[in-house]
Amino acid sequence: MSQREVRVRFAPSPTGPLHIGGVRTALFNYLFAKKHGGKFILRIEDTDSTRFVPGAEAYINESLKWLGLTLDEGVAEGGPFGPYKQSERKAIYKQYAQQLIDSGWAYYAFDTPEQLDALRAQHEAEKSTFAYDISTRNSLNNSLSLSDEETKARLLSGESYVIRFKMPENVDVTARDLVRGEVTFNTNTLDDKVLYKSADQLPTYHLANIVDDRLMEISHVIRGEEWLPSLPLHVMLYRAFGWESEMPQFAHLPLILKPSGKGKLSKRDGDKDGFPVFPLQYVSPEGEVASGYRESGYFPEAVNNLLALLGWNSGTEQEIFSLDELVNIFSIERVNKSGARFDPDKAKWFNHQYLVNKSDAELAQLYLPIIREKGFEPSLETVTTITGLVKERVNFVQELWEQSYFFFEAPSDYDDKVVKKRWKGDVPAFIGEVAALLETATIWKAEELKQQVSDLITAKEQNFGGVMNALRLALVGGGFGPDLFTIIELLGKNETVSRLRKAVEVIPAS
RNA sequence: GGUCCCUUCGUCUAGGGGUUAGGACGCAAGAUUUUCAUUCUUGAAACAGGGGUUCGAUUCCCCUAGGGACUGCCA
């Protein structure tokens, strides 16, 4: 590779929230840039004036920020190659489009969208496909089929037009892709793409992308595989401008596929598979709400980690990586070619790993607001202790409550299945005896209490497991929770005895 | 339909001419914790098919099949 500075860009269009496929592309760009000591740039591709969505750009920025993908240059960050928003670069593109016209690589076309739609419909009816290409361009309304006078007259009259690329005939275009190797296309299968539209004085993606990557000195274009079909067009554009020898290198990332069914994951998949497709919760201008990883309780580190392993792997058996570790170990050569199906279960597992690895105190800080919302005001130490007791069994901070609510309030109902299995025979009566025993206890320590209860069980010839489960039922309302005597110690004598008495009174023996 | 891309357990993947084809998620069983979870151990589970090349192909080549992307005055 040359000595050229690595400069990569993430170039979303602000037509809505970013989805995790886009986030993954951003992440890989970031990792690649940082790995090579280069720059990570955000460029807003808002050349479609009709699809602008208010708030989308802010959403993109907030998402990157949440994930810790720090930008070196961008709309808000500025930089020596600005502006970084294409709608603010309007004046730049026109001359490049003109350059292509002048050199014969492009032409004016006056066909209206309606006319083209009609042609497409007509061809479809005849089971063929309409393409604006070498086979049809001479019979359509453009500067190739019209006389120079006619073209000039139409332009002068202010008739709206479009500038199309004149795809040359029968050229094999070979491009090198960093993940796929060489890819070859023949220009006969390509059409004359629109590069510029007079209606809003803006280029289309294709022109803007080439011009900006050139002007911003982008060294590597890392984008999704959905762009692979336009690679030959882009190469031809570099060729047409005479920039081919300094063209960026390309890497097309495999797609992220839906967990169920077929096809690539899309924004419209929303929450229907029970997991978020967006980094942050998104409320559309129409008021529709789609959930986000952040609001669902995912840690940003976990999201980065799980996304990194979708389409890339280190070649080792390590699966948990911090962002810094990823930067160190990332390489584009180890990116996979095939699409990866998103696995919601594994995503949760990743979050679990990060959650468990956080200190009890740190998690307690995150858990405390939830407890307060429920109306309790425990000390941070208490919450820290409780968090440590149950964190192994949850994937998300918000699940901590369902695993530990009984430390704060008595169960209001009891799991039927457990009642049926454990609350029978002379067990309820014996629980009453345990209550009486505990009431007289003088040393309120888990080990001590366990000893006393065990002695009572032995003396009364009860079954240890059965009694323990019944106690558990009475104290937490079900068959779950951490070590029982730890719970009892934390609950304190009054609360423990009162819960046992209440259970004996309230739960019908079966 | 056309063009291009892809194909190892259900999923994410390692591997790569000779391997008991490895790991992770999930699933199942067992152990331990005289209670729950954790943890541990074990198990089931894959080279899409057919042709070559080769002493030998899961690995290299070709074909078929399957999947995917693109096919807009969208990105």
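Quick note: numbers below take in every heavy atom, side chains included, and nothing from hydrogens, waters or symmetry partners. Chain letters run A, B, ... following the sequence lines, proteins first and then strands; every chain starts at 1.
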Candidate nucleotides [options], ranked by approach to the side chain of [X] - the nearest:
X        : options             : value
A:Leu310 : B:C12, B:A14, B:C5  : B:C12
A:Ala340 : B:C12, B:C73, B:C6  : B:C12
A:Lys264 : B:C74, B:G72, B:A69 : B:A69
A:Asn313 : B:A14, B:G1, B:C36  : B:A14
A:Lys193 : B:C73, B:G72, B:U34 : B:G72
A:Val194 : B:A69, B:C6, B:C73  : B:C73
A:Leu255 : B:A75, B:C4, B:G68  : B:G68

Between A:Ala240 and A:Leu100 the two heavy atoms that sit nearest each other are CB-CD1, 3.9 Å
Under 4.0 Å, heavy atoms only, any strand: does [X] hit a base, just the sugar-phosphate, or nothing?
X        : value
A:Arg180 : sugar-phosphate
A:Thr189 : sugar-phosphate
A:Lys127 : nothing
A:Gly311 : sugar-phosphate
A:Arg334 : sugar-phosphate
A:Thr47  : sugar-phosphate
A:Phe185 : sugar-phosphate
A:Leu484 : base
A:Thr184 : sugar-phosphate

Should the pair A:Arg154 and A:Phe110 be classed as cation-pi, given the thresholds of under 6.0 Å to the six-membered ring centre and 45° from the axis? yes
Among residues 8-21 of chain A, which residues get a heavy atom nearer than 4.0 Å to RNA chain B? A:Ser13
What residues from residues 159-167 of chain A pass a heavy-atom cutoff of under 4.0 Å to RNA chain B? A:Val162, A:Arg164
For [N], the Watson-Crick or wobble partner whose two distances fall under 3.5 Å:
N     : value
B:U54 : none
B:C4  : B:G68
B:A28 : B:U42
B:C36 : none

How many whole angstroms separate atom [atom1] of [X] from atom [atom2] of [N]?
X        : N     : atom1 : atom2 : answer
A:Met468 : B:A37 : CE    : C1'   : 14 Å
A:Gln115 : B:G72 : CD    : P     : 17 Å
A:Leu389 : B:A37 : CG    : P     : 15 Å
A:Arg24  : B:C12 : CZ    : C1'   : 12 Å
A:His252 : B:U3  : NE2   : C1'   : 15 Å

Between CE of A:Met167 and CG of A:Leu190, what distance do you get to the nearest 0.5 Å? 4.0 Å
[X]: ring pair (Phe, Tyr, Trp, His ring centres under 6.0 Å) partners, not counting sequence neighbours:
X        : value
A:Phe250 : none
A:Phe480 : A:Phe406
A:Tyr59  : A:Tyr282
A:Tyr96  : A:Phe241, A:Trp243

Going by the ring pair (Phe, Tyr, Trp, His ring centres under 6.0 Å) test, which pairs reach into residues 191-213 of chain A, not counting sequence neighbours?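 Qualifying pairs, neighbours excluded: A:Tyr205-A:Trp227, A:Tyr205-A:His234, A:His206-A:His234.
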Treating [X] as the side-chain partner and [Y] as the backbone partner, does any N or O pair qualify as donor plus acceptor under 3.5 Å?
X        : Y        : result
A:Glu489 : A:Ala446 : yes
A:Lys391 : A:Val356 : yes
A:Ser145 : A:Ser139 : no

Looking only at N and O atoms, is any donor in the side chain of A:Arg51 or the base of B:C74 less than 3.5 Å from an acceptor on the other one?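 Yes, a donor-acceptor pair under 3.5 Å.
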Which residue is it: A:Tyr298, A:Phe275, A:Phe396? I am looking for the one with a ring-ring contact (aromatic ring centres under 6.0 Å, His included) to A:Tyr293.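 So the option named by the test is A:Tyr298.
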Determine which pairs satisfy salt bridge (Lys or Arg N to Asp or Glu O under 4.0 Å) with at least one residue from residues 168-180 of chain A, sequence neighbours left out, and list them in order.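 The answer is A:Arg176-A:Glu182, A:Arg180-A:Glu225.
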Does any pair with a residue in residues 446-458 of chain A pass salt bridge (Lys or Arg N to Asp or Glu O under 4.0 Å), and if so which ones, sequence neighbours excluded? none
Closer to the 5' end of RNA chain B via nearest nucleotide, is it A:Val183 or A:Leu309?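 Result: A:Val183.
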I want to check something: taking the side chain as every heavy atom from C-beta on, are A:Asp133 and A:Thr136 in contact at a cut-off of under 4.5 Å?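 Yes. Closest side-chain heavy atoms under 4.5 Å.
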Give a yes/no on whether any side-chain N or O of A:Arg120 is located under 4.0 angstrom from OP1 or OP2 of B:G72.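 Answer yes for this pair, as a side-chain N or O of A:Arg120 is under 4.0 Å from OP1 or OP2.
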When you check the phosphate oxygens OP1 and OP2 of B:A14, does a side-chain N or O of A:Asn336 lie under 4.0 Å from one of them?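 Checking B:A14 against A:Asn336, a side-chain N or O does come within under 4.0 Å of OP1 or OP2.
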Enumerate all atom pairs, one protein N or O and one N or O from nucleotides 61-67 of chain B, separated by less than 3.5 Å.
none

Produce the list of close N/O pairs, under 3.5 Å, pairing protein atoms with atoms of nucleotides 23-33 of chain B; give distances to one decimal.
from  : atom 1 : to       : atom 2 : distance (Å)
B:G23 : O4'    : A:Glu317 : OE2    : 3.2
B:A24 : O4'    : A:Glu319 : OE1    : 3.0
B:A24 : O2'    : A:Glu319 : OE1    : 2.4
B:A24 : O2'    : A:Lys346 : NZ     : 3.0
B:A24 : N3     : A:Lys346 : NZ     : 3.2
B:C25 : OP1    : A:Trp349 : NE1    : 3.4
B:C25 : O2'    : A:Lys346 : N      : 3.4

Pairs involving residues 303-312 of chain A, ordered by first then second residue, that meet side-chain hydrogen bond (donor to acceptor under 3.5 Å, both in side chains) (sequence neighbours left out): A:Asn305-A:Tyr354
